[in-house]
J.: 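Supplied in C-alpha cells, the structure appears directly below.
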Amino acid sequence: MKKILIFDTTLRDGEQSAGASMSVEDKVLIARHLNDMKVDIIEAGFPFASKGDFQSVSKVSQISKFSTVCGLARANFGDIDCAGEALKKAPKKRIHTFISTSDLHMKYKLRMNKDEVIDAIKKSIERAKRYTDDIEWSPEDASRTDHNFLYKTIDTAIQSGATTINIPDTVGYAIPSEFGKLIKNIKSNVTNIDKAIISVHCHNDLGLAVSNSLNAVIEGARQVECTINGIGERAGNAALEEIVMCLKTRGDLLPFRSGVDTKKITNISHLVSTITGFSVQPNKAIVGKNAFAHESGIHQDGMLKHSNTYEIMTPESVGLSSSELVLGKHSGRHAFKVKLKNLGFSFSEEKIKKLFEKFKSLADKKKQIFDEDLLAIADEEQIFSNRDFIELIDISIKCGLNKKATASLEIKVDKNKLKVDSGGTGPIDAVFKAIKKTTKSSANLVVYQVKAITRGTDAQAEVSVRLEESGISVLGVGNDIDTIVASGKAYINALNKLMIKKEKASESIESLNAANNDIDKHVI
C-alpha cells in the first residue's frame, strides 16, 4: 500500500483559530505527542510572526526525534532567514514558503502582476535552499487560481528546487470532484511534477475538507495537511484523526496507509482540547464522546450480538478502552498505573504517586470513575505541573435564594497562606472577586464556560476561564466534582499562566502588535 505523509499543522494553522493561542510550553508538549504518534511532518509555527513563534519552532526543533520540523515563511528573505534560523537545530527540517496565485489575491492582497509573482517564487525558494534541501511551496488560493497560470507557478517552483508542492483550498471553496480533478490536471499538465510530492491543505468552510483531501489522494496527492480535532482558521482544517482512520478503515477503496499510531488519537485529541479550551462536539467523528456510544435499543441489541453490526472500527484502535472503567476507591496503584498506560500516558513513579492520590480523592466522591476522569487528572499533570505561583487550598461558600453570596478562600501566594472573604452576585462571582482581592490581580474575565466531563449528577466539571491583562490573553482550566471548586482552580490556573507569560516574555506588547500588524494571518 502506498504511504500518505501526514503533515500536522495544529501548532501553526490550528493556533490561528480565533482564541486558540498556545504558549511555547503547550506547543512543545503537543509536539512530543505528535512525535510519539509518528506524524511525518510537524509545522511548528510561523517564526517571523513573533518571538514566541520563533521560540516555539526552535524548541520543537530540539525535541523532535522522529518528525520533520517545518517552519512557515512568506515569499520574502526576512521570513525565510528567520525560519532557517529557528530550524537550525532540527535533525530533519523543512521550510514551507508560499505566495498567492489567484487573480483576486494578486490584485487586492499582493498588488503584484503574474511576472512579479513568478519572480518571487524563484527567489524565495532559492533563498530557502541555503538552509535545507527540503522545501515545500504553496500557491495560496490555488483552488481559485487560473489553471494555466497555476501549472506555470508549480513548474517554476520545482525548477527552483521545491521538493513538495502543496495545493491549498485556502477558503474551503472546492467540492470533492472538482478538487480531485484539479490534482489530476496538475499531474497531466506540469511536466516536471514527478520530481516533487503533491500535498493538499483543505479548509472546512463547506464541511468538505476531509472529502476534498481524500479525493486528492485518490488522484495522486501523497501528503495531507491536517490538524488535531480539525481546528484552524475560520471553520478549521481537515481533521487528522478522520484522515488516518479513513485510510485505516477503508483500505478496500483507499489502498493507502499512514504511519500514524492511531492508538494515540484519543489522548492527543483530549490534550489539544484542554490546552486550547475548544471542546470537541459529542458527535464528532472518531474523537467525540458519542463516537462509540450506542443508545438505541436496536443498536444495543446488535452490539451485544456482534460489535461490527454498528461499529466500523474498534474503540481500541483510537486509544479508548473497550469496556467501562472499573477502577474505584478500592483499586490499587498498580491497576491505576496500568490503566494510565493503556490510555497512552507514561509518568515517573513520583508523578504516579501524586496522581494516584488525586484519583483516590476523586473516587471517594464519585460512584464510578470513567476514562474521561483519568484523562482530566493526567492532563492536569501534563499541562499545569510545576508552574504554580498561586495555589488554592480551601473554599467555603454561603449563598441562597434572595441572599448575597459570600466566599471565604484560603490561598497560598508565593508560599504565603492568605485568607480572604468577598461577596458577589453569585457564588462563582464571589470566588473570583476573592481571588482577585487576594492576588491583587487586574486581569479581566473574558470567557467562563463549564462542561461535564462524564455523565451523572456526580460528574466532574471542567471549567475554562480566559483572562486578559495588558494585551496578554490566557486560558485556565480546572477540574473538580464541585463546580465552584473547579471554577476557582480554573481562575487560579489562568492567573498562574498569566504570571508565567509575563515572566518569560522576551518581547514587549508593542513589538508583538507591530509584528501582528505586519502579517496577513489568513495564510495558506
J.: Measuring from atom NZ of Lys129 to atom CD1 of Ile80, what distance do you get when rounded to the nearest 0.5 angstrom?
T.: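 So the NZ of Lys129 and the CD1 of Ile80 are separated by 12.5 Å.
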J.: Hey, could you give me the CG/CZ distance between Asn166 and Phe98, rounded to the nearest 0.5 Å?
T.: 11.5 Å
J.: Look at the side chain of Ser124 and the backbone N and O of Ala120, then say whether any donor-acceptor pair between them is shorter than 3.5 Å.
T.: yes
J.: Using 0.5 Å steps for rounding, measure from the OG1 atom of Thr145 to the OH atom of Tyr151.
T.: 11.0 Å
J.: Tell me if the NZ atom of Lys93 is crowded by more than 12 foreign heavy atoms within 6.0 Å.
T.: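 Yes, because the 6.0 Å sphere around NZ of Lys93 holds more than 12 heavy atoms from other groups.
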J.: Could you tell me whether a side-chain N or O of Ser273 sits under 3.5 Å from a main-chain N or O of Ser269, the two making a donor and an acceptor?
T.: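 Looks like no, no N/O pair under 3.5 Å.
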J.: Would you check if Ile197 and Glu136 make a side-chain contact, meaning some heavy-atom pair closer than 4.5 Å?
T.: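 Ile197 vs Glu136: side chains apart.
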J.: In Å and rounded to the nearest 0.5 Å, what is the OG1 to CD1 distance from Thr153 to Ile99?
T.: 10.0 Å
J.: Are any of the side-chain nitrogens in Asp40 or Lys3 under 4.0 Å away from the carboxylate oxygens of its partner?
T.: yes
J.: Looking at every non-hydrogen atom in both residues, tell me the closest pair between Val474 and Ala494 and how far apart they are.
T.: CG2-O, 3.4 Å
J.: Quick check: are there more than 12 heavy atoms from other residues, nucleotides or ligands sitting under 6.0 Å from NZ of Lys92?
T.: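 Atom NZ in Lys92 is packed in, count exceeds 12.
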J.: Say whether, by atom type as modelled, one donor and one acceptor occur between the side chain of Thr101 and the main chain of Ala142 under 3.5 angstrom.
T.: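 No: the side chain of Thr101 does not pair with the backbone of Ala142.
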J.: Quick check: are there more than 12 heavy atoms from other residues, nucleotides or ligands sitting under 6.0 Å from CG of Asp119?
T.: yes
J.: Main chain of Gly19, side chain of Arg466: is a donor-acceptor contact present, judged purely on distance under 3.5 Å?
T.: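 A pair under 3.5 Å: yes.
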J.: Begin from the C-alpha positions of Lys27 and Asp53 and carry the test salt bridge (charged side-chain N to carboxylate O under 4.0 Å, His left out) through to its verdict.
T.: CA-CA 10 Å; Lys27 287 190 173 187; Asp53 245 28; 2.9 Å; yes
J.: Could you report the tightest heavy-atom contact between Val24 and Ser56, atom names first, then the distance?
T.: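 Scanning both residues completely, I find the closest heavy atoms to be CG2-OG, 3.6 Å.
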J.: Would you find more than 12 non-hydrogen atoms of other residues, nucleotides or ligands less than 6.0 Å from Lys451 atom NZ?
T.: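 Buried by this count: over 12 neighbours within 6.0 Å.
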J.: Main chain of Thr156, side chain of Lys122: is a donor-acceptor contact present, judged purely on distance under 3.5 Å?
T.: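 No, Lys122 side chain to Thr156 backbone: no donor-acceptor pair under 3.5 Å.
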J.: Which distance, rounded to the nearest 0.5 Å, do you find between the NZ of Lys65 and the CZ of Arg32?
T.: 7.0 Å
J.: Kindly say whether Ser143 contributes a backbone atom to a donor-acceptor pair with the side chain of Asp169 at under 3.5 angstrom?
T.: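 Here the side-chain-to-backbone pair does not exist.
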J.: Does Lys123 count as lying over the ring of Phe77, i.e. NZ or CZ under 6.0 Å from the six-ring centre, within 45 degrees of the axis?
T.: no
J.: Can you find a pair of side-chain heavy atoms, one from Gln449 and one from Ser279, that are under 4.5 Å apart?
T.: yes
J.: Would you say Met22 and Thr276 make side-chain contact, with heavy atoms under 4.5 Å?
T.: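 Counting from C-beta outward, Met22 and Thr276 do come under 4.5 Å.
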J.: Do any N or O atoms from the side chain of Gln16 and from the backbone of Glu233 form a donor-acceptor pair under 3.5 angstrom?
T.: no
J.: With rounding to the nearest 0.5 angstrom, report the CD1 to CG distance, Ile41 to Leu34.
T.: 11.5 Å
J.: Should the pair Phe347 and Phe345 be assigned to parallel (<30°), tilted (30 to 60°) or perpendicular (>60°) ring geometry?
T.: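 Rings of Phe347 and Phe345: parallel, as their planes differ by under 30°.
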J.: Shortest non-hydrogen contact from Ser317 to Met245?
T.: OG-CE, 3.6 Å
J.: Give a yes or no on whether Lys341 atom NZ has more than 12 heavy-atom contacts from other residues, nucleotides or ligands under 6.0 Å away.
T.: no
J.: Quick one: does Asp36's side chain get under 4.5 Å of Ile268's, heavy atoms only?
T.: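 Asp36 does not reach Ile268 side chain to side chain.
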J.: Pick one: which of Ile167, Thr170, Asp13 meets side chain to side chain contact (heavy atoms under 4.5 Å, CB included) with His201?
T.: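 Option passing the side chain to side chain contact (heavy atoms under 4.5 Å, CB included) with His201: Asp13.
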J.: Report, as yes or no, whether the 6.0 Å neighbourhood of atom OH on Tyr173 holds more than 12 heavy atoms from other residues, nucleotides or ligands.
T.: no
J.: Between Asn204 (side chain) and Gly230 (backbone), is there a donor-acceptor pair under 3.5 Å?
T.: no
J.: Tell me whether Thr227 contacts the main-chain N or O of Ile231 through its side chain, where contact means a donor paired with an acceptor under 3.5 Å.
T.: yes
J.: Should Asp261 and Lys38 count as an ion pair when the cut-off is N to O under 4.0 Å?
T.: no
J.: Of the non-hydrogen atoms in Glu126 and Ser160, which two are nearest, and what is the gap between them?
T.: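 Smallest heavy-atom distance, with atoms named: CG-O, 4.3 Å.
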J.: Among side-chain atoms of Asp134 and Thr132, is any donor-acceptor pair under 3.5 angstrom?
T.: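 Result is no, nothing qualifies.
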J.: Any chance the side chains of Ser23 and Asp26 put a donor and an acceptor closer than 3.5 Å?
T.: yes
J.: What I want to find out is whether Glu242 reaches Lys284 closely enough, with some N-O distance under 4.0 Å, to be called a salt bridge.
T.: yes
J.: Do Ser177 and Ile175 make a side-chain contact, defined as non-hydrogen atoms from C-beta onward lying under 4.5 Å apart?
T.: yes
J.: Quick one: does Glu241's side chain have a donor or acceptor within less than 3.5 Å of a partner on Asn229's backbone?
T.: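 At least one qualifying donor-acceptor pair exists.
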J.: Are Leu214 and Arg250 packed together at the side-chain level, in the sense that at least one heavy-atom pair is separated by less than 4.5 angstrom?
T.: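 A side-chain contact is absent here, since even the closest heavy-atom pair is not under 4.5 Å.
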J.: With side chains defined as the heavy atoms from C-beta onward, is the minimum distance between Glu85 and Pro47 less than 4.5 Å?
T.: no
J.: Are side-chain heavy atoms of Phe179 and Cys202 found at a separation under 4.5 Å?
T.: yes
